[in-house]
Novice: 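My structure is below; once you've seen it, I'll send some questions.
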Amino acid sequence: MPVTQNHSALLDLCRQRQPEMLDLLRRVVEMESPSDDKEALDRLGRFLGSEFSRLGAEVTFIPQKDAGDHLKAGFPDKAERSDQSAKPILLLGHFDTVWPLGTLSKMPFKVENGRAFGPGIYDMKTGIVMMLFALRSLREMGVEHRPVVVLLDSDEEVGSRTGRPVIEAAAKNCEAVLVLEPSQTIQGYLKTARKGVGDFRLQVRGRASHAGVDFEKGHSAIVELSRQLLEVTKFTDLERGITVNPGVIHGGSRTNVVAAEAVAEIDVRIARLADGPELEQKFHSLKAFDPGCTIEVSGGINRPPMERTAGTAKLFQIAQEHGAALGMKLAEASTGGGSDGNFTSALGIPTLDGLGAVGEGAHASNESIVLEELPRRTALLAALIQSL
Ligand SMILES: [Zn+2]
């Protein structure tokens, strides 16, 4: 795609707006929003809602009892657009963070050496600010585009338990989904594939006995669990992109007691949707080695993988062309981490992820974004919305 007048105009506009973007970003970062604090989440959600309203969006909140209310902002089709039945584009993101209230006192918002720092700035408050400014630029330039739906959920960092159905309902009728999660690594890769995620819990019950007096009468839940763990780690298949990680174990009471109880929590990742049912089946058919023990397996795959479909590859190619016109060399990457893009992709909707901030330190104390990339990435998002 050649550099059009629009590309340079968009970029100029986004560059002029950088101080304003940064100012809004500071306000958004300074409204802390941990996934488990409804009051804090709702405060930020309402603030963001008013920002989208100011751009002419119809804002609705999807009320939740335990999570923060999810935010949906609809930008209607422009009346002059010839194709009245155009399917919307979904801009997807989340406004919760992994950081508890009070983190700001140790990790305040600051700008230093071309970076901006703060809790949740990279994952993914900058992405939300980019949505606002990309849409604003298009509006100010009077550019026609498809209708846009913005959906921001409040529990992504804890598995999108309540966000998932809302996202799936919104994505169903969309032409494409653009996910404003941070890009991958400081090189700013876009994400065209993500692994699916599952959680399993293995609960073993044995029989307690005195380790000195009645050893033979006991059935050790710890020994049984250990054998089961060796079994489940055989499910790992690196070539197929399947990993099984027993991340947490508990069990036993005292050294002189044969353990009656033991439990393991296991993280599972899969690269292909088709591997999910087989793996679930394997977990649920585990049998105790020791007939004096019972095992109970719960859990399953809760985020399907985002596979690199033809639709996603096409979106990436379009992004790459706009990137080139804006002076960026965009590359793609896959990641083992999941996002809400996994859900929309599993529905068969072309989904491109990692369009948000360039930076580093998600969920870490050095969380920061590269300021120089902010206007270019925002212009890229605007160009994508315009051309899809
Ligand atoms: Zn995120």
Side-chain angles (χ1 to χ4, degrees), residues 25 28-29 31-37 40-41 44-45 48 67-68 70-72 90-100 103 107 109 116-132 134 150-164 166-168 170-171 177-186 188-197 199 267 269 302-306 332-346 351-370 373-374 377-378 381:
L25 186 56
V28 172
V29 168
M31 295 176 90
E32 293 179 294
S33 53
S35 312
D36 61 356
D37 192 320
L41 287 163
L44 176 58
L48 293 171
H70 307 305
L71 165 63
K72 187 175 171 184
L90 179 63
L91 303 186
L92 188 56
H94 63 89
F95 59 93
D96 61 324
T97 76
V98 296
W99 300 103
T103 302
M107 260 173 79
F109 177 89
F117 296 78
I121 195 165
Y122 178 55
D123 185 9
M124 53 155 277
K125 289 184 168 176
T126 298
I128 299 172
V129 171
M130 287 170 59
M131 291 179 190
L132 282 160
V150 172
L151 191 78
L152 303 175
D153 67 341
S154 69
D155 62 355
E156 195 272 348
E157 295 289 6
V158 289
S160 308
R161 192 178 56 79
T162 69
R164 180 177 186 171
V166 178
I167 291 161
E168 289 178 336
V177 181
L178 304 178
V179 188
L180 273 290
E181 286 279 359
S183 64
Q184 185 139 321
T185 77
I186 204 81
Y189 297 118
L190 301 184
K191 295 167 182 173
T192 51
R194 284 181 180 271
K195 281 190 175 179
V197 188
D199 283 308
D267 174 286
R269 308 273 157 160
N302 49 36
R303 244 182 233 282
M306 169 177 151
E332 64 182 312
S334 66
T335 169
S339 88
D340 286 336
N342 290 50
F343 301 132
T344 61
S345 171
T351 300
L352 185 61
D353 203 337
L355 282 162
V358 177
E360 62 186 339
H363 306 189
S365 58
N366 63 333
E367 183 166 3
S368 58
I369 62 157
V370 177
E373 296 294 334
L374 194 54
R377 289 263 163 171
T378 306
L381 176 62

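Indexing begins at 1, ligand by ligand and atom by atom, following the structure's order. Owing to the predicted nature of the structure, the values given are computational and were not obtained by experimental measurement.
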Novice: Output yes when a side-chain donor or acceptor of R269 lies under 3.5 Å from a complementary backbone atom of K195, and no otherwise.
Specialist: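 No, R269 side chain to K195 backbone: no donor-acceptor pair under 3.5 Å.
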Novice: Judged by modelled atom types alone, do T192 and E332 share a side-chain donor-acceptor pair under 3.5 Å?
Specialist: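 Their side chains do contain a donor-acceptor pair, which is all the 3.5 Å distance test asks for.
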Novice: For the Zn ion (ligand 1), find the closest N/O/S atom belonging to E181 and write down its atom name.
Specialist: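 Nearest to the Zn ion (ligand 1) within E181's N, O and S set: OE1.
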Novice: Is the Zn ion (ligand 1) less than 2.8 Å from at least one N/O/S atom of E156?
Specialist: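 Given the 2.8 Å cut-off, E156 does not count as a ligand of the Zn ion (ligand 1).
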Novice: Would D340 and R303 pass as an ion pair if we require N to O under 4.0 Å?
Specialist: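 Looking at R303 together with D340, the answer is yes, because their closest N to O distance falls below 4.0 Å.
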Novice: For the Zn ion (ligand 1), give me the closest N/O/S atom belonging to D123, just the atom name.
Specialist: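 D123's closest N, O or S atom to the Zn ion (ligand 1) is named OD1.
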Novice: Within the side chain of Y122, is there an N or O that forms a donor-acceptor pair under 3.5 Å with the backbone of F117?
Specialist: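 No: the side chain of Y122 does not pair with the backbone of F117.
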Novice: The Zn ion (ligand 1) to E157: any N/O/S contact under 2.8 Å?
Specialist: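 So E157 does not count as coordinating the Zn ion (ligand 1).
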